[in-house]
S.K.: 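Next up is a structure, given as structure tokens.
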Protein chains: 2
Amino acid sequence: MVADIVAMMPSPTRTPATASEPDPSRRNNLALLTSLVHHNGVLSRAQLTKRTGLNRSTVGTLIGQLVNLEVVYETAPSGESQVGRPSPIVHPRPSIAALAVNPEIDAVTIGLVGLGGKVQKKIRFDTERIPTAKEAVNIAAAVIAGMRSELDTSYRVMGVGIAVPGLVNRDDGVVRHAPHLGWRNEPVAGMLSEATGYPCHAANDASLGAEGELLFGAGAGQKNLIYLNGGASGIGGGVIADGALLRGVSGYAGELGHTFVRSSGRPCHCGATGCLETEVSQSSLFELAGLGGGDASQLEQALRAKSSESVTAEVARQVGYLGIALRNAVNTFNPEAIVLDGFLGVLHSLSPGTLDSSLRSQAMDGPSGQVKIYQAALGSDLMMIGAAELAFTQFLADPAGAFPTPTP
Amino acid sequence: MVADIVAMMPSPTRTPATASEPDPSRRNNLALLTSLVHHNGVLSRAQLTKRTGLNRSTVGTLIGQLVNLEVVYETAPSGESQVGRPSPIVHPRPSIAALAVNPEIDAVTIGLVGLGGKVQKKIRFDTERIPTAKEAVNIAAAVIAGMRSELDTSYRVMGVGIAVPGLVNRDDGVVRHAPHLGWRNEPVAGMLSEATGYPCHAANDASLGAEGELLFGAGAGQKNLIYLNGGASGIGGGVIADGALLRGVSGYAGELGHTFVRSSGRPCHCGATGCLETEVSQSSLFELAGLGGGDASQLEQALRAKSSESVTAEVARQVGYLGIALRNAVNTFNPEAIVLDGFLGVLHSLSPGTLDSSLRSQAMDGPSGQVKIYQAALGSDLMMIGAAELAFTQFLADPAGAFPTPTP
DNA sequence: CGTAATATGTTGGATGGCGAAACAAATCTA
DNA sequence: TAGATTTGTTTCGCCATCCAACATATTACG
């Protein structure tokens, strides 16, 4: 129970080589408490004291400030009581909110997520054809404009997060290349910021999925996890290492969909051959299932119903390649958990144990020892939560700082 | 600049609270300064002020403390002077030192490294046969015992770091499996600590190599780099992500030597097939070069002298597989630099540009855009420096804390 | 049913590190 | 030689935190 977060202790494993840039994991204690409440939902003041390692009195004054700032509120102690004076419960205020935008090949989804990670609102706007960046921004801006009066009266919106299936430079919000959307060098964050007046940030969808699963989903509490999502637009990946999202120098890290899994494999749109994404795709599964379209759960049902030799063979083939990619990832990252989303989760669920045993036999003893494979837990809310987290980041780092005021 | 990181900021940590110790933020900043001086060698006080973002006066008092603690010393300003009052130069005291131990299949090397990263002493003890863990510990203990009087009079030894070619659990110092040494579940850190009285820590050699190159070598200043070392005992890897070594849940991360590079490849000792380590090895290169043994630079010379079709073909074959592994790594990590050591550096040097162009064509545009490939810079000192860093870690996190006193 | 034990909130005071400002020192420029 | 510039030094005030003592709310127990 001794806090994994402790007041004012330098991390012994990370001695900063250069102090020229602020370490983003360092926060003041106000931020620490806000993050705890946001990510864990409901905690008593006593629990917060234990988790932070701060003094009772300090936590008292800090919570007082957060109450004044209307970031959290306290309620009477819960029914289940122990010996001693009951401790009030601290809740995140869902009226502190962030907007989330997720453009896909057939729709643009806009969501509103409150502090604490609950999706308050989700609007899916189906598009006739693949939206251009401009169209996606226009759609998002229009939907947000429609919500505007409600947002202004009932919420404090901290910003907008955009989850894009492609390479995104998180620092400047430019989509470098989103192959399935056909976007190149689109400054979506800037465009949407211009259109709405809110501060906007963009990132890769799978990276945000990884963060969402880390904080609120199947991987909650883990510090090292790999998230892999399989959808119509290929396979995206996000990696959490030591509690933080792996970003790389430009924020492009985590492209596990392009892991090499087959010699003389088919050419991939990325320019290489034998990528996981080209060998493992959901289209053939949908065909075998006799479905024209649909989501992962429909696919799973249809494949289970239609179990035949050809289905079994194709599933086995895809699981085999997935196993190779996972073996690599496990040897590379030594994670505690692998979270599979979309049709990759279906593959795992259809042949339970196959991936596990494939990992045990292929990956090295040490790294593979503790790995567990999960199916993703958050479903369609995941992208909203992950994208909103992007918009919350700045606020969580400084909850007492100036609240951004939209200037449309 | 950075002012906000330092003052009165806690940092989330994975270590339990030693709540009894006071003044955590001062310790933080002391640690910051000590690390800067250690890793950058020589800096003026003015530079330290800029780098840390701390106030002039604060840096003054902190440096004063470090001088009192005999961690650093100041000298007169350097000759090259600008407008304004010259700023004294701060040097790390090399008498603050750490011991380094590196067992290999044919030798055990023991080194002494001073604060600032300079190798003060290096003793290579050749062994008749592959040393057992016990033998390696005995050798190291004996050599250290021989140095003991000098250590006690002229140095303050912060501990011992052991670099082991294999899977090492950094937390408990147990070598899980070192295939080429034939070690399994050997608590080397505990054994050596028992034998010498110094606090001992162990880690994977390539991981430590990565840290060494990051802090003092070819990758100095980078925040995202991949280090790959090819030696007689296979291929080891270490990854620096966002300025910190990638460890994974048990510290086994970074095993890039077992990246999948070939379908239906040869079986590897790790249990899988098609590993980089089985397809790319130095033994065939040594054969072609007509050498029975030797180091990387000898190999390079011999291969250059003996250039023939068979040499060219084998080099091309190995570079091809290395390219696949690097492509994976680049897509996964989006690093700024790749540092190749040992015979992998030779491969790169023999066919300059091949790896680069192979990366540009295979890896994705975004991630590969900024990558540069380097040959390792530190040579045989690297392991000493990396291992010593392991022993310095605790000291760097709390330079004012209790200095460990050996109790033999 | 009342007292003890336990856990936690609350308050006031003490601590200690840091930044700001004013001043001093050392160098370059003109 | 005077001014500009940069940096070390000193003093002072701030403020987040911890500590200790006290208050409060609940369970445990006779």
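What you see is a predicted model; the values in this text were computed from it and never measured. Sequence lines set the chain letters: A, B, ... in the order given, protein chains first and strands last, and positions in each chain run from 1.
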S.K.: Please tabulate, one pair per line, each protein N/O and nucleotide N/O from nucleotides 28-30 of chain C that are separated by under 3.5 Å, including the distance.
M.R.:
residue : atom : partner : partner atom : Å
C:dC28  : OP1  : B:Ser81 : OG           : 2.9

S.K.: Using the side chain to side chain contact (heavy atoms under 4.5 Å, CB included) criterion, which residues pair with A:His38? Sequence neighbours excluded.
M.R.: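 Residues passing side chain to side chain contact (heavy atoms under 4.5 Å, CB included) with A:His38: A:Leu115, A:Phe216, A:Glu389, A:Phe392, A:Leu396.
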S.K.: With side-chain hydrogen bond (donor to acceptor under 3.5 Å, both in side chains) as the rule and sequence neighbours excluded, what pairs involving residues 89-99 of chain B come up?
M.R.: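 Applying side-chain hydrogen bond (donor to acceptor under 3.5 Å, both in side chains) to every pair that reaches into residues 89-99 of chain B, excluding sequence neighbours, yields B:Thr75-B:His91.
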S.K.: Going by heavy atoms in the side chains, are B:Tyr155 and B:Gln120 under 4.5 Å from each other?
M.R.: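 Heavy-atom side-chain distance check passes, below 4.5 Å.
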S.K.: Specify the separation, in whole Å, of atom CG of B:Leu30 and atom C1' of C:dG17.
M.R.: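 So the CG-C1' distance, B:Leu30 to C:dG17, works out to 11 Å.
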S.K.: Quick one: is B:Asn55 getting a side-chain N or O under 4.0 Å of the C:dA20 phosphate, OP1 or OP2?
M.R.: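 The answer is yes; a side-chain N or O of B:Asn55 sits under 4.0 Å from OP1 or OP2.
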S.K.: Is B:Arg56 close enough to C:dA25 that one of its side-chain N or O atoms is under 4.0 Å from OP1 or OP2 there?
M.R.: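 Looking at the OP1 and OP2 atoms of C:dA25, neither is under 4.0 Å from any side-chain N or O of B:Arg56.
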S.K.: Using heavy-atom distances to pick each residue's nearest nucleotide on DNA chain D, tell me which of A:Gln65 and B:Pro86 is more 5'.
M.R.: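 The residue mapped nearer the 5' terminus is B:Pro86.
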S.K.: In whole angstrom, what separates A:Asn28's CG from D:dA16's C1'?
M.R.: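 Atom-to-atom, A:Asn28 to D:dA16, this comes out as 10 Å.
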S.K.: Could you check B:Ile63, B:Val42, B:Leu66, B:Asn40 and say which one makes a side-chain contact (heavy atoms from CB on, under 4.5 Å) with B:Val90?
M.R.: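 Only one of B:Ile63, B:Val42, B:Leu66, B:Asn40 forms a side-chain contact (heavy atoms from CB on, under 4.5 Å) with B:Val90, namely B:Ile63.
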S.K.: How close or far is atom P of C:dT8 from atom CG of A:Leu48, stated in whole angstroms?
M.R.: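 So the CG-P distance, A:Leu48 to C:dT8, works out to 12 Å.
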S.K.: Rounded to the Å, how far apart are B:Arg85 CZ and D:dA4 C1'?
M.R.: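 From B:Arg85 CZ to D:dA4 C1': 16 Å.
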S.K.: Any N or O donor-acceptor pair linking the side chain of B:Ser57 to the base of C:dC18 at under 3.5 Å?
M.R.: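 Under the 3.5 Å cut-off, the side chain and the base do not form any donor-acceptor pair.
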S.K.: To the nearest angstrom, how far is A:Ile63 atom CD1 from D:dT17 atom P?
M.R.: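 Answer to the nearest Å: 12 Å.
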S.K.: Scan B:Pro88 against the nucleic acid and name what it touches under 4.0 Å (heavy atoms): base, sugar-phosphate only, or nothing.
M.R.: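 Since only primed, P, OP1 and OP2 atoms lie under 4.0 Å of B:Pro88, the category is sugar-phosphate.
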S.K.: How close or far is atom P of C:dG17 from atom CG of B:Leu62, stated in whole angstroms?
M.R.: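 It works out to 9 Å between those atoms.
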S.K.: Not counting sequence neighbours, list each pair that qualifies as a salt bridge (Lys or Arg N to Asp or Glu O under 4.0 Å) and has a residue in residues 60-71 of chain B.
M.R.: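 Counting only pairs at least two positions apart or across chains, no salt bridge (Lys or Arg N to Asp or Glu O under 4.0 Å) contact touches residues 60-71 of chain B.
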S.K.: Under the side chain to side chain contact (heavy atoms under 4.5 Å, CB included) rule, collect the residues that match up with B:Ala202, sequence neighbours excluded.
M.R.: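 B:Ala202 satisfies side chain to side chain contact (heavy atoms under 4.5 Å, CB included) with B:Ile162, B:Val168, B:Val188, B:Ala189 only.
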S.K.: What is the distance from CG of A:Leu33 to P of D:dT17, rounded to the nearest Å?
M.R.: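 Value for this atom pair: 9 Å.
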S.K.: Do the side-chain N or O atoms of B:Arg45 get closer than 4.0 angstrom to the phosphate oxygens (OP1, OP2) of D:dT9?
M.R.: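 For D:dT9, OP1/OP2 do have a side-chain N/O of B:Arg45 under 4.0 Å.
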S.K.: How close or far is atom P of D:dT7 from atom CG of B:Leu43, stated in whole angstroms?
M.R.: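 B:Leu43 atom CG is separated from D:dT7 atom P by 13 Å.
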S.K.: Please identify each residue that fulfils salt bridge (Lys or Arg N to Asp or Glu O under 4.0 Å) with B:Asp171, with sequence neighbours left out.
M.R.: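 Checked B:Asp171 against salt bridge (Lys or Arg N to Asp or Glu O under 4.0 Å); matches are B:Arg247.
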S.K.: Within less than 4.0 Å of OP1 or OP2 of C:dG9, is there a side-chain N or O belonging to A:Ser87?
M.R.: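 Answer is yes, contact under 4.0 Å.
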S.K.: Tell me which of B:Pro77 and B:Thr58 sits closer to the 5' end of DNA chain C, going by the nucleotide each one is nearest to.
M.R.: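 Nearer the 5' end of the strand: B:Thr58.
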S.K.: With respect to the phosphate group of C:dC18, does any side-chain polar atom (N or O) of B:Asn29 fall under 4.0 Å of OP1 or OP2?
M.R.: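 So the side chain of B:Asn29 is within the cut-off, an N or O lying under 4.0 Å from OP1 or OP2 of C:dC18.
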